[in-house]
Amino acid sequence: MSASARQPEHNVNPLFIDRWSPRAFTGEAIGEQDLLTILEAGRWAPSAYNVQPWRFIYARAGTPAWGPLFATLNAFNQSWAQRASALIIVTSANESVSPGSTEAKPNPSYEFDAGAAWGYIALQTTLLGWHAHAMAGFDKDLARSSLGIPANYTVQAAVAIGRHSEDKSFLPEGLQSRDVPSPRLPVKAIAAEGRFGFEG
């Protein structure tokens, strides 16, 4: 995708503009090394006290691990993610052991930190010429039971990874026109100096 499809207001690296979340994938297989490189990027995200609360469960299409992850997606997401090359379930520990302590206590930033890890994954995916699409539409209870996720981990999101396909004809009709890079709010709508000054 060309950065000309999106115009930043301020000078940022083109990587931030080129990253987007398509649903039209080619179905091309992803090599294990590419996928591990993507997960390696998530590993290096910042976290409070460096507790690194995120955990990733992944599967490549065509492997035995694929079925249980794919089965957690709702029907809408299955309709397009069936052509993804890999799936990732993002979880994070809602308790952690702070420095100087031996007792696990609620971690107030575990979801914030897992979000940072997802952001790193998304950017690394783009750097490698793939695309990542995060999803909230999946059965978290099924993911927990079928993937063996402990009770002290929150199931956060599912992520589909694949190569973007210019052919969108296989997408449900309502999705074909939506498979384009989305715009963003202007900076003044999301950032205010000194005091909250936003409508809504």
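Just so you know, these numbers use all the heavy atoms, side chains as well, and skip hydrogens, waters and symmetry mates.
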Asker: Checking Ala61 now: which residues fulfil side-chain contact (heavy atoms from CB on, under 4.5 Å) with it, not counting sequence neighbours?
Answerer: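 side-chain contact (heavy atoms from CB on, under 4.5 Å) check on Ala61 returns Trp66.
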Asker: Between Asn77 and His133, does any side-chain donor sit less than 3.5 Å from a side-chain acceptor?
Answerer: no
Asker: Let me confirm one number: the CG-OG distance from Asn94 to Ser109, rounded to the nearest 0.5 Å.
Answerer: 11.5 Å
Asker: Measure the spacing between OG1 of Thr91 and CD1 of Ile149 and express it to the nearest 0.5 Å.
Answerer: 5.5 Å
Asker: According to side-chain contact (heavy atoms from CB on, under 4.5 Å), who are the partners of Asp34, at least two apart in sequence or on a separate chain?
Answerer: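 Counting only residues at least two positions away or on another chain, Asp34 forms a side-chain contact (heavy atoms from CB on, under 4.5 Å) with Ile30, Leu128, Trp130.
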Asker: Looking at side-chain heavy atoms only, is the closest gap between Leu73 and Leu87 below 4.5 Å?
Answerer: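 Answer yes - side chains close enough.
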Asker: Asp167 vs Ser169, test: side-chain hydrogen bond (donor to acceptor under 3.5 Å, both in side chains). Steps then yes/no.
Answerer: CA-CA 6 Å; Asp167 176 15; Ser169 62; 2.7 Å; yes
Asker: So, for Ser146 and Pro68, which heavy atoms are closest and what is the spacing to 0.1 Å?
Answerer: OG-O, 4.3 Å
Asker: Going from NZ on Lys140 to CD on Gln156, what distance comes out if it is rounded to the nearest 0.5 angstrom?
Answerer: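 Here the interatomic distance stands at 6.5 Å.
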Asker: Please report the closest heavy-atom contact between Leu142 and Ala71, naming both atoms and the distance.
Answerer: CD2-O, 3.6 Å
Asker: Apply side-chain contact (heavy atoms from CB on, under 4.5 Å) to Arg43 and Tyr120, showing your working.
Answerer: CA-CA 8 Å; Arg43 174 186 173 214; Tyr120 276 39; over 6 Å; no
Asker: Would a 4.5 Å heavy-atom cut-off, applied to side chains only, mark Ser47 and Pro53 as touching?
Answerer: yes
Asker: If you define the side chain from C-beta out and look only at heavy atoms, does anything of Ile89 sit under 4.5 Å from Phe138?
Answerer: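 A side-chain contact exists here, since the closest heavy-atom pair is under 4.5 Å.
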Asker: Just to verify, what does Ser182 make a side-chain contact (heavy atoms from CB on, under 4.5 Å) with, not counting sequence neighbours?
Answerer: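 Expected list: Arg6, Arg184.
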Asker: What is the minimum heavy-atom distance between Gly162 and Ser85, and which atoms define it?
Answerer: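 Reported closest heavy-atom pair: CA-OG, 3.7 Å.
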Asker: Can a donor-acceptor pair be found, under 3.5 Å and without considering hydrogens, that links the side chain of Arg144 to the backbone of Pro150?
Answerer: yes
Asker: Which residues satisfy the side-chain contact (heavy atoms from CB on, under 4.5 Å) test with Thr126, sequence neighbours excluded?
Answerer: Leu15, Asp18, Arg19
Asker: Determine whether Val97 and Val51 make a side-chain contact, defined as any pair of heavy atoms from C-beta on separated by less than 4.5 Å.
Answerer: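 They are not in side-chain contact.
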Asker: Does a donor on one side chain sit under 3.5 Å from an acceptor on the other, for Tyr110 and Thr154?
Answerer: yes
Asker: Going by heavy atoms in the side chains, are Leu36 and Tyr58 under 4.5 Å from each other?
Answerer: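 Touching, per the 4.5 Å side-chain cut-off.
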Asker: Is it the case that over 12 heavy atoms from other parts of the model lie below 6.0 angstrom from the CD atom of Glu173?
Answerer: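 12 or below, so no.
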Asker: For the atom pair OG (Ser145) and CG (Asp139), what is the distance rounded to the nearest 0.5 Å?
Answerer: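 One gets 7.5 Å once the value is rounded to the nearest 0.5 Å.
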Asker: Taking the inter-plane angle between the rings of His131 and His164 on a 0 to 90° scale, is it parallel (under 30°), tilted (30 to 60°) or perpendicular (over 60°)?
Answerer: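 Answer is perpendicular, since the angle exceeds 60°.
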Asker: Can you tell me which residue pairs pass the salt bridge (Lys or Arg N to Asp or Glu O under 4.0 Å) test with a partner in residues 96-124, sequence neighbours excluded?
Answerer: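 Checked against salt bridge (Lys or Arg N to Asp or Glu O under 4.0 Å) - neighbours excluded - no pair reaches residues 96-124.
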Asker: Would you please test Met135 and Thr72 for side-chain contact (heavy atoms from CB on, under 4.5 Å) and show each step?
Answerer: CA-CA 11 Å; Met135 298 167 275; Thr72 68; over 6 Å; no
Asker: Here's one to test your reading of the geometry: is the NZ or CZ of Arg55 within 45 degrees of the ring axis of Tyr153 and under 6.0 Å from its centre?
Answerer: no
Asker: Are any of the side-chain heavy atoms of Leu123 and Phe16 separated by less than 4.5 Å?
Answerer: yes
Asker: Can you classify the ring geometry of Phe56 versus Trp54 as parallel (below 30°), tilted (30 to 60°) or perpendicular (above 60°)?
Answerer: parallel
Asker: List the atom of Ser79, the atom of Pro172, and the distance in Å for their closest heavy-atom pair.
Answerer: OG-CG, 3.6 Å
Asker: Please test Asp179 against Trp20 for side-chain contact (heavy atoms from CB on, under 4.5 Å), starting from the C-alpha separation and ending with a verdict.
Answerer: CA-CA 10 Å; Asp179 201 60; Trp20 66 292; 4.1 Å; yes
Asker: Kindly indicate whether the side chain of Leu39, heavy atoms from C-beta on, has any atom under 4.5 Å from the side chain of Ile88.
Answerer: yes
Asker: Given 3.5 Å as the limit, does a donor-acceptor pair link the side chain of Gln124 with the main chain of Gly42, or not?
Answerer: no
Asker: Do Leu175 and Arg178 touch side chain to side chain, with heavy atoms closer than 4.5 Å?
Answerer: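 Result yes, sub-4.5 Å side-chain heavy-atom pair found.
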Asker: Inspect the surroundings of OH in Tyr49 and state if more than 12 heavy atoms from other residues, nucleotides or ligands are less than 6.0 Å away.
Answerer: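 Counting other residues, nucleotides and ligands, OH of Tyr49 stays at 12 neighbours or fewer.
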Asker: Tell me whether Leu35 is reachable from Trp44 by hopping between hydrophobic residues (I, L, V, M, F, W, Y) whose side-chain heavy atoms are closer than 4.5 Å.
Answerer: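 Unlinked, Trp44 and Leu35 end up in two clusters.
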Asker: Of the non-hydrogen atoms in Thr26 and Arg83, which two are nearest, and what is the gap between them?
Answerer: O-NH2, 3.4 Å
Asker: Indicate yes or no for a side-chain donor-acceptor contact from Thr125 to the backbone of Ile121 under 3.5 Å, with no hydrogens or angles considered.
Answerer: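 Pair found, side chain donor or acceptor close to backbone of Ile121.
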Asker: With distance as the sole test, does Thr63 use its side chain to make a donor-acceptor pair with the main-chain N or O of Arg60 at under 3.5 Å?
Answerer: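 Yes; judged by distance alone, with no hydrogens or angles, the pair exists.
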Asker: Who pairs with Glu95 by salt bridge (Lys or Arg N to Asp or Glu O under 4.0 Å), at least two apart in sequence or on another chain?
Answerer: none
Asker: Any idea which heavy atoms bring Phe198 and Lys188 closest together, and the distance?
Answerer: CE2-O, 3.8 Å
